[in-house]
Chemist: 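A single structure is presented below for examination.
Because the structure is predicted, anything quoted here is derived from the model rather than measured. Within every chain, numbering begins at 1; the chains are lettered A, B, ... in the order of the sequence lines, protein sequences first and strands thereafter.
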Amino acid sequence: MKFSASRAIMAQKLMARIVLKELEKKTVLFKASTEKAIVGLDVAYRRLSGTEYAYGVALLYDAAKKSAVDCMVATRAVCVPYIPGLLAFREMAVLGPLAVKAIEKWRPSVFFVDGHGLSHPRRIGIATHVGFATRTPSIGVAKKKLVGVIRNGYVVVDGEPLAAVIRTPTGSTIYVSPGYGVTLEDARRTVLKYLKHKLPEPLRLADAISKASKKLVEPSRDFKIHPCPRLLEVGA
DNA sequence: GCGACAG
DNA sequence: ATCTTGTCGC
């Protein structure tokens, strides 16, 4: 079936009703400093003879050892266009199944996802989709602002802070927002603990591996998890 | 109409 | 995000 932007928006509004209600009731599943295992999720794309493929990476980061300890790479042809605000529908095709596998295999405390969570037009960014779909805490980390204005270090919409604006050690700016089951302050504090470069370690490493995988892994039409390339040397 | 617009 | 060469700077 062809992708329908209007139906996707309807779906997000329905999800928002549930997620925001839980957030009001302070249904918190994760608190800062309780993390044992963090899984960084990122997606890279590659055009190959008329078909566009998505390379999804799930990287397991050990909070105690402060290093990456495992990773998975998954590929599949993408079937949804990129539309601001609807990024989740494009990336979930590969991140959804991959996140489920990551939970079964690693039992992570929280997911770090590239992209916004709460700081989204309907409060349902990619990070929220991942967390809600898997009922696992998640935090969104974006490199560009999508909505709102910046006031006192936060992205604000209608007077409500939706994301923390953080200046990274490399001088760039990132926007950290709650995905699912996490408060804004806990999301901010947690990301800060792993911020050594432009992105928190679990995401920086997942990003490096997803890009490197494009020339080391043959993509498949349908969703498939490949043997993880021995790339943990990419800064880990 | 104009500007904005995650990855 | 991706397409792309060299190049300026820490």
Chemist: Nearest whole Å is fine: how far is dA6(B) P from L146(A) CG?
Modeler: 6 Å
Chemist: For E52(A) and dG7(B), what is the distance between atoms CD and P respectively, to the nearest whole Å?
Modeler: 16 Å
Chemist: How is the base pairing of DNA chain C summarised as a dot-bracket string, given the Watson-Crick and G-U wobble criteria with both distances under 3.5 Å, [ ] for crossing and | for another strand?
Modeler: ..........
Chemist: Counting any heavy atom closer than 4.0 Å, what does G85(A) reach on the DNA or RNA strands: base, sugar-phosphate only, or nothing?
Modeler: base
Chemist: Starting from C1' on dC3(C), measure out to NZ on K215(A) and report it in whole angstrom.
Modeler: 15 Å
Chemist: Does atom NZ (K105(A)) have a neighbourhood of more than 12 heavy atoms from anything else shown, all under 6.0 Å?
Modeler: yes
Chemist: Near K101(A) NZ, under 6.0 Å, is it more than 12 heavy atoms from other residues, nucleotides or ligands?
Modeler: no
Chemist: Base, sugar-phosphate alone, or nothing: which one does I174(A) contact when heavy atoms must sit under 4.0 Å apart?
Modeler: nothing
Chemist: Say whether, by atom type as modelled, one donor and one acceptor occur between the side chain of H116(A) and the main chain of I124(A) under 3.5 angstrom.
Modeler: no
Chemist: Please, which pairs that meet ring pair (Phe, Tyr, Trp, His ring centres under 6.0 Å) have at least one residue in residues 10-69 of chain A, sequence neighbours excluded?
Modeler: Y61(A)-Y194(A)
Chemist: Salt-bridge test for R189(A) and D186(A): reply yes if a basic N is under 4.0 Å from a carboxylate O, no otherwise.
Modeler: yes
Chemist: Report the distance from atom CG of L48(A) to atom P of dC3(C), rounded to the nearest whole Å.
Modeler: 10 Å
Chemist: Please report, rounded to the nearest Å, how far the C1' atom of dA1(C) is from the CG atom of L95(A).
Modeler: 13 Å
Chemist: Rounded to whole angstrom units, what separation is found between the NZ atom of K145(A) and the P atom of dA6(B)?
Modeler: 10 Å
Chemist: Aromatic rings Y180(A) and F132(A): how do their planes relate, parallel, tilted or perpendicular, breaks at 30° and 60°?
Modeler: perpendicular
Chemist: Tell me the interatomic distance from I150(A), atom CD1, to dA6(B), atom P, rounded to whole angstroms.
Modeler: 14 Å
Chemist: Nearest to the K214(A) side chain among dC5(B), dG7(B), dC3(C), which nucleotide is it?
Modeler: dC3(C)
Chemist: Less than 4.0 angstrom between a side-chain N/O of K143(A) and OP1 or OP2 of dG7(B), yes or no?
Modeler: yes
Chemist: Just wondering, do Y82(A) and dG7(B) stack (centres under 5.5 Å, planes under 30°)?
Modeler: yes
Chemist: Rounded off to whole Å, could you give me the OH-to-P distance for the Y55(A) and dG7(B) pair?
Modeler: 21 Å
Chemist: When you measure from the side chain of D158(A) to the backbone of E160(A), do you find a donor-acceptor pair of N or O atoms at a distance under 3.5 Å?
Modeler: no
Chemist: Verify the contact: side-chain N or O of Y45(A) to OP1 or OP2 of dG7(B), cut-off strictly under 4.0 Å; return yes or no.
Modeler: no
